[in-house]
Number of protein chains: 2
Amino acid sequence: MDKEQTATYFSFFTEIGILDQLVSAGLEARLPAGLLMSHFTVINHLVRVGDGGTPLALARAFQVPKTTMTHTLAGLVKHGLAEMRPNPKDKRSKQVWLTEEGRSFRKVAIATAIPVFERVSRKIPAERLAEVLPLLQELRELLDEDRDAKD
Amino acid sequence: MDKEQTATYFSFFTEIGILDQLVSAGLEARLPAGLLMSHFTVINHLVRVGDGGTPLALARAFQVPKTTMTHTLAGLVKHGLAEMRPNPKDKRSKQVWLTEEGRSFRKVAIATAIPVFERVSRKIPAERLAEVLPLLQELRELLDEDRDAKD
DNA sequence: CTCCATTAGTACGATATCGCACTATTAAGT
DNA sequence: ACTTAATAGTGCGATATCGTACTAATGGAG
């Protein structure tokens, strides 16, 4: 791979990182006290993908050590946003379920971001982002598959 | 803003977050022991924007508390990747300068990512990312300006 | 010049994240 | 069935990140 191509990929992912930093910091500042981005992203994942999965599955989905997920889930349970149930199929394991509070928490959190979206939309309408979305999803799936690669 | 537009913005930023998570976790796993993503991103920023700035300026650039930046910079100094000098224009302040080790560390770190870029390039050539890059940069600048917004 | 609000950095305690080691359970080989 | 390897989750100690409070220096008002 030549230098220019490498630079393109690297610049792209650098921008991704900066964007995530800006969005995460902005959203986290609007969350209720005691709740962090990690809590929100887990809740969001459970809504998108469906709940009832195991803590370990969540840890893998987020590329995070399972001990970290244990801690994050404990926080969600403490705030009444999720509940842990024994896994009937495996006595070692558990299931993570959203509560109603968890689902409404997500809605409220997203709602707080709408003013930001509106300011962005003056310069960048939703259609322009929608055009790019498939590329991002394709890229995400590609990197997801690539996780186990050795080098 | 209607529901569909909101969903588009939100999905977009969700993808951004997932992508960053995948890329960061992958790159961090390739860094030398004791060095984290925070160290790499600061080094990278210093190369891109130029060194000699103050710790506080870095903290603001990364949307991070200044105490966090103090800690991260201490790690860079400890590993010989950067050095702190007194700021001749302000005796309260300091300047952060990259060492040669710091610059070569960045090159090595980027090089370890090239295999990933190459696997991605089989499905998504650099040109397709280059097309999208201006949009990401525009979006980043927009969000950057929006930081101080009240609601 | 003096006063004092502001700013740059740090010390310190609290929480988040991580790696390692351990228990309980399951799965696999014989 | 028995033995062993692999898996799911947790306890615990280490480091990262964050919020508060502090010191030193700056800069502006009078």
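Each chain gets a letter, A, B and so on, in the order the sequences are listed, and its residues count up from 1. These values consider heavy atoms only, across backbone and side chains, with no hydrogens, waters or symmetry-generated copies.
Taking atom CZ of A/R92 as the reference point, atom P of D/dA5 lies 16 Å away to the nearest angstrom. Rounded to whole Å, atom P of D/dG9 lies 6 Å from atom CG of A/L56. Between the CE atom of B/M69 and the P atom of D/dG19 there is a distance of 14 Å, given to the nearest Å. Distance NE2 (B/H71) to P (D/dG19): 15 Å, rounded to an integer number of Å. Here the C1' atom of nucleotide D/dC18 and the CE atom of A/M37 are 17 Å apart, to the nearest Å. Rounded to whole Å, atom P of D/dT7 lies 16 Å from atom CG of A/N87.
Residues A/V42 and A/V47 fall within the same hydrophobic cluster, defined by Ile, Leu, Val, Met, Phe, Trp and Tyr side chains chained together at heavy-atom separations under 4.5 Å.
Where A/K89 and A/Q63 each meet DNA chain C at their nearest nucleotide, the meeting point lying more 5' is that of A/Q63. With the nearest nucleotide of DNA chain C identified for both B/K94 and A/P65, B/K94 has the one nearer the 5' end.
In 5' to 3' order, the nucleotides of DNA chain C bounding all contacts with chain A (an atom under 4.0 Å from a heavy atom) are C/dA16 to C/dT26.
As judged by a 4.0 angstrom heavy-atom cut-off over every strand, B/S93 is placed among residues touching the sugar-phosphate backbone only.
Using cut-offs of 30° and 60° on the angle between ring planes, the pair B/H79 and B/H39 is tilted.
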Margin query: I'd like to know whether A/E138 forms a salt bridge (charged side-chain N to carboxylate O under 4.0 Å, His left out) with B/R128, so could you lay out the CA-CA distance, the side-chain angles of the two residues, the decisive distance to 0.1 Å, and finally the verdict.
Written below: CA-CA 12 Å; A/E138 187 183 352; B/R128 284 185 64 195; 3.3 Å; yes

Item checked: Test log, rule side chain to side chain contact (heavy atoms under 4.5 Å, CB included), inputs B/L36 and B/F40 -> CA-CA 7 Å; B/L36 304 175; B/F40 175 74; over 6 Å; no

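When all heavy atoms of B/S93 and B/T54 are compared, the closest pair comes out as OG-CG2, 3.4 Å. Nearest heavy atoms, B/P55 versus B/L73: CB-CD1, 3.6 Å.
Checking A/R85, A/R103, A/K94 one by one against A/D51, the salt bridge (charged side-chain N to carboxylate O under 4.0 Å, His left out) holds for a single residue, A/R103.
In the set D/dA25, D/dC18, D/dG9, the nucleotide with an atom closest to the side chain of A/K66 is D/dG9. If you check D/dT17, D/dG9, D/dG11 against the side chain of A/T67, the one that comes closest is D/dG11. The side chain of B/T68 sits closest to D/dT17 out of D/dT10, D/dA8, D/dT17.
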